[in-house]
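All heavy atoms count here, side chains included; hydrogens, waters and symmetry mates do not. In this text the structure is predicted, and so the values were computed from the model without any measurement.
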Amino acid sequence: NHLGLMYAANLSNLLGDDQSFAQYVQRGRELYPDDLNFIIKESILMDKEGRYDESTAMLYAKLDEYPGDKDLINAFSGSSIQFARALSKEKQHDEAITVLDTAIVYNMSNKELKYTKGIIYERDHKYDSAYHYQRYHEPSALEEADYLSHMKGLQHKTYKNTLDFEYIQSRYSEYDVISGVATVGYTHKREKISKT
């Protein structure tokens with residue numbers, strides 16, 4: 001029964017019973033190989049097993065067949081986020097950005113995709129892009145102070161040139177003579193040039 005399998009798969013997934021979830025999904029895919037619901041559930045199963053590349057490829061293949069299907073687009077977005085994070089941990093930042101860019105084409109209003117892209121740019125030390133994309137995050141009331149502080153830090157890292165001005169004034173003991181010292185500093189940041 002299609003509906004029974006759907007309920008059983010959903011319930012086992014909600015309860016965290018991955019073994020039962022896998023069995024129901026496998027049975028659903030055998031009986032209803034073209035059913036989009038079971039394809040999405042199989043992608044969830046693949047994501048749980050860390051097979052993000054297979055999951056995103058399978059869902060991507062269905063996007064042209066089912067354009068505009070919200071469940072499919074959300075599943076593809078979620079899988080893409082997990083895949084990008086895994087790639088980023090392996091220092092494959094460019095590949096992670098490509099995965100997210102593909103998902104953003106289908107789900108332009110998804111703020112989590114953009115925020116994840118910002119985090120990956122930050123890991124790759126591209127702070128101007130990181131600042132741009134992390135602005136899409138909507139922090140909770142508890143996170144807001146940390147988020148704003150982090151964003152100020154990111155913005156500061158985007159500055160390539162910094163000028164510092166300082167003036168100190170002093171008066172020695174009872175003499176009516178004021179002396180002052182002024183300093184000006186300039187800092188320029190650039191990427192480290194490797195010697196080969």
Q) How far apart are the closest heavy atoms of Ile39 and Met58, and which atoms are they? A) O-CE, 3.2 Å

Q. Is it true that a side-chain atom of Ser43 and a backbone atom of Ile40 form a donor plus acceptor pair closer than 3.5 Å?
A. yes

Q.
Could you measure the distance from the CE atom of Met46 to the CD atom of Glu54? Nearest 0.5 Å is fine.
A. 5.0 Å

(Q) Distance check, rounded to the nearest 0.5 Å: Tyr131 atom OH versus Lys152 atom NZ? (A) 10.0 Å

Q. Can you list the steps and then say if His137 with Met151 is a side chain to side chain contact (heavy atoms under 4.5 Å, CB included)?
A. CA-CA 11 Å; His137 183 58; Met151 292 302 286; over 6 Å; no

Q) Counting heavy atoms not belonging to Lys48, are there more than 12 under 6.0 Å from its NZ? A) yes

Q: Test Lys126 against His93 for side chain to side chain contact (heavy atoms under 4.5 Å, CB included), laying out the working first.
A: CA-CA 11 Å; Lys126 295 179 179 170; His93 304 298; over 6 Å; no

Q. Given the rule that I, L, V, M, F, W and Y join up when any side-chain heavy atoms are under 4.5 Å apart, are Leu148 and Leu154 in one cluster?
A. yes

Q: Considering non-hydrogen atoms only, spot the tightest contact between Gln134 and Gly118 and give its length.
A: NE2-O, 3.1 Å

Q. To which residues is Ile119 joined in a hydrophobic cluster, defined by side-chain heavy-atom contacts under 4.5 Å among Ile, Leu, Val, Met, Phe, Trp and Tyr, whether direct or through other members?
A. Tyr115

Q: Please answer whether the main-chain N or O of Ile73 pairs with a side-chain N or O of Ser77 as donor and acceptor at a distance below 3.5 Å.
A: yes

Q. Roughly how far, to the nearest 0.5 Å, is the CG atom of Leu72 from the CG atom of Asn37?
A. 10.5 Å

(Q) Once rounded to the nearest 0.5 Å, what's the spacing between atom CG of Asn107 and atom CG of Leu100? (A) 11.5 Å

Q.
Does any part of the side chain of Arg27, heavy atoms only, come nearer than 4.5 Å to the side chain of Glu30, both counted from C-beta?
A. yes

Q) Members other than Leu87 in its cluster, when Ile, Leu, Val, Met, Phe, Trp, Tyr link by side-chain heavy atoms under 4.5 Å? A) Tyr52, Phe83, Val99

Q: For Gly28 and Leu5, work out which heavy atoms get closest and say how close.
A: CA-CD1, 3.9 Å

Q. Where does the angle between the aromatic ring planes of Tyr136 and His132 fall among parallel (under 30°), tilted (30 to 60°) and perpendicular (over 60°)?
A. perpendicular

(Q) Quick test of your reading: applying ring pair (Phe, Tyr, Trp, His ring centres under 6.0 Å), list the pairs with at least one residue in residues 15-38, sequence neighbours left out, ordered by first then second residue. (A) His2-Tyr32, His2-Phe38

Q) At their closest point, which heavy atom of Lys89 faces which heavy atom of Arg123, and how far apart are they? A) N-NH1, 4.4 Å

Q. Linking Ile, Leu, Val, Met, Phe, Trp and Tyr through side-chain heavy atoms less than 4.5 Å apart, which residues share a cluster with Phe165?
A. Leu163, Val184, Tyr186

Q. Should we say atom CD of Glu65 is surrounded by more than 12 heavy atoms from elsewhere, each under 6.0 Å from it?
A. yes

Q: Please assess Lys41 against Asn10 for the test side chain to side chain contact (heavy atoms under 4.5 Å, CB included), listing each intermediate value before the final yes or no.
A: CA-CA 9 Å; Lys41 289 187 185 337; Asn10 288 338; 2.6 Å; yes

(Q) Does either side chain, that of Ser55 or that of Ser79, offer a donor lying less than 3.5 Å from an acceptor on the other one? (A) yes

(Q) More than 12 heavy atoms of other residues, nucleotides or ligands under 6.0 Å from CD of Glu49: yes or no? (A) yes

Q. What residues join Tyr7 in its hydrophobic cluster, counting side-chain heavy atom gaps under 4.5 Å, either direct or through other members?
A. Leu3

Q: Write down the atom of Ile97, the atom of Tyr121, and the distance for their closest heavy-atom approach.
A: CG2-OH, 3.7 Å

Q. Within the distance-only criterion (no hydrogens, no angle test), does the side chain of Lys114 pair as donor or acceptor with the backbone N or O of Met108 below 3.5 angstrom?
A. yes

Q: Kindly write out the residues that satisfy side-chain hydrogen bond (donor to acceptor under 3.5 Å, both in side chains) with Gln92, not counting sequence neighbours, or none if the list is empty.
A: none

Q | Minimum heavy-atom distance Glu122-Tyr127, with the two atoms named | A | O-CE2, 4.0 Å

Q. What do the steps show when you test Asp71 against Leu36 for side chain to side chain contact (heavy atoms under 4.5 Å, CB included), and what is the final call?
A. CA-CA 9 Å; Asp71 292 334; Leu36 187 59; over 6 Å; no

Q.
Distance check, rounded to the nearest 0.5 Å: Asn110 atom CG versus Ile104 atom CD1?
A. 8.0 Å

Q) Any link between Phe76 and Val105 through a network of hydrophobic side chains (Ile, Leu, Val, Met, Phe, Trp, Tyr) touching at under 4.5 Å? A) yes

**Q.** Close side-chain approach of Asn13 to Val25, heavy-atom, < 4.5 Å
**A.** no

Q | Gap separating the CG atom of Asp69 from the OH atom of Tyr106, nearest 0.5 angstrom | A | 13.5 Å

